[in-house]
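Worksheet: one structure, shown below.
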Amino acid sequence: MELMPKEFFKKPPLELARELLGCELIKETSEGTASGYIVETEAYIGAVDKAAHSYNYKRTKRTEVMFGEAGHAYTYVMHTHCLVNVVAGEVGEPEAILIRAVEPLRGVELMYERRGDKKEKDLTNGPGKLTKALGIMKADYGHPYGKSPLYIADGFTPEHISTGPRVGIDNSGEARNFPWRFWVTGNTFVSR
DNA sequence: GTGGGGATCTACT
DNA sequence: GTAGATCCCCACG
């Protein structure tokens, strides 16, 4: 296993969203280590994207980390769940990649403990599910990947990648049709 | 201090 | 397919 260098994240979001597919996402906690291969992502580009929290360069305490350096974690609490993103692009451009699904790799027992006795494919096939399975939480906000309990490492190279419109952003006008969702073609753990 | 909205999940019909 | 759970953050007064 090899950690992705800082430079890896510093590229346009649509490019990074593709290249994150197949990478390993790792979280260490006091309970142990859990990880999975990233198999589904979505890009959010604040400058032009009505569906992004940072639309029109909206700057709040919450979106602040997206204006900073690529490769940091943007976590966000939604209802009773936590979602995890990777900050992309240049400093000053509020862009991030949402991780929507992973394929369980290490610490599968720990994931069952956290998620309950479910079928394996239900452990991590959604953005709120994978954060619970891996133990990612709001406290991970703003941490750089690779220097904290959060890591992104190389994994496998997907044979085929599919693209399509994003999920769960019905109320965002034109932006809802942007084909900014990427997934590993045929992978069982893709959310839908 | 309060009200409403949101990048979801689960269970039930 | 649809409703309800249930929580943080922002906007407004």
Side-chain angles (χ1 to χ4, degrees), chain A residues 9 12-14 16-18 20-21 25 27 34 36 38-68 70-89 93-104 111-143 145 150 152 162-184 188-192:
Chain A
F9 302 100
L14 296 180
L16 182 61
R18 282 177 172 274
L20 279 172
L21 293 176
L25 175 68
K27 174 71 197 276
I38 297 170
V39 296
E40 183 180 355
T41 58
E42 282 180 4
Y44 287 84
I45 304 179
V48 294
D49 186 358
K50 224 178 195 171
H53 297 146
S54 54
Y55 175 57
N56 202 22
Y57 295 91
K58 186 178 174 195
R59 196 162 192 150
T60 66
K61 205 195 313 185
R62 191 176 60 162
T63 62
E64 184 63 32
V65 69
M66 288 195 274
F67 289 83
H72 287 230
Y74 170 42
T75 54
Y76 161 61
V77 176
M78 170 63 169
H79 291 76
T80 57
H81 304 281
C82 184
L83 279 58
V84 66
N85 300 249
V86 183
V87 176
E93 291 295 326
E95 302 166 338
I97 313 301
L98 170 68
I99 299 174
R100 283 197 60 88
V102 305
E103 175 178 338
M111 298 191 206
Y112 275 109
E113 281 176 37
R114 287 167 170 161
R115 292 273 303 136
D117 193 18
K118 316 225 178 239
K119 286 176 290 186
E120 188 183 17
K121 70 161 280 206
D122 289 321
L123 286 175
T124 56
N125 65 339
K129 299 181 192 177
L130 75 91
T131 54
K132 189 169 182 195
L134 295 185
I136 295 170
M137 54 200 92
K138 202 183 107 194
D140 291 304
Y141 178 93
H143 290 194
Y145 286 96
L150 267 183
I152 290 180
S162 301
T163 68
R166 291 172 295 174
V167 177
I169 53 168
D170 293 341
N171 207 12
S172 302
E174 291 299 308
R176 66 159 294 173
N177 300 316
F178 296 167
W180 289 353
R181 175 171 168 250
F182 304 86
W183 67 93
V184 176
T188 320
F189 295 92
V190 170
S191 64
R192 45 179 94 161

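Throughout, a chain's letter reflects where its sequence line sits, starting with A, and its residues are numbered from 1.
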Intra- and inter-strand pairing of DNA chain C, written as dot-bracket with Watson-Crick and G-U pairs under 3.5 Å and | for the latter, reads |||||.||||||.
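Nucleotide B:dA7 holds its P atom 17 Å from the CG atom of A:L130, rounded to whole Å. In this entry the distance linking CE of A:M78 with C1' of B:dT10 reads 14 Å, nearest Å. Here B:dG6 presents its C1' atom at 11 Å from OH of A:Y74, a figure rounded to the nearest Å. Rounded to an integer number of Å, the gap from A:Y44 OH to B:dA7 P is 7 Å. Residue A:K129 contributes atom NZ, which lies 15 Å from atom C1' of B:dA7 at whole-angstrom precision. Between A:N85 atom CG and B:dT8 atom P there is a gap of 11 Å when expressed in whole angstrom units. Rounded to an integer number of Å, the gap from CD1 of A:I169 to P of B:dG6 is 12 Å. Nucleotide B:dT8 holds its C1' atom 7 Å from the CG atom of A:L83, rounded to whole Å.
Heavy-atom contacts of chain A under 4.0 Å fall on DNA chain C between two terminal nucleotides, which in 5' to 3' order are C:dA5 to C:dA11.
When distances run from any side-chain atom of A:H79 to the nucleotides B:dT8, B:dA7, B:dT10, the shortest one goes to B:dT8.
Counting any heavy atom pair closer than 4.0 Å across all strands shown, A:R115 reaches sugar-phosphate atoms only and no base atom.
Closest non-hydrogen pair, A:Y74 versus A:M66, comes out as CE2-CE, 3.5 Å.
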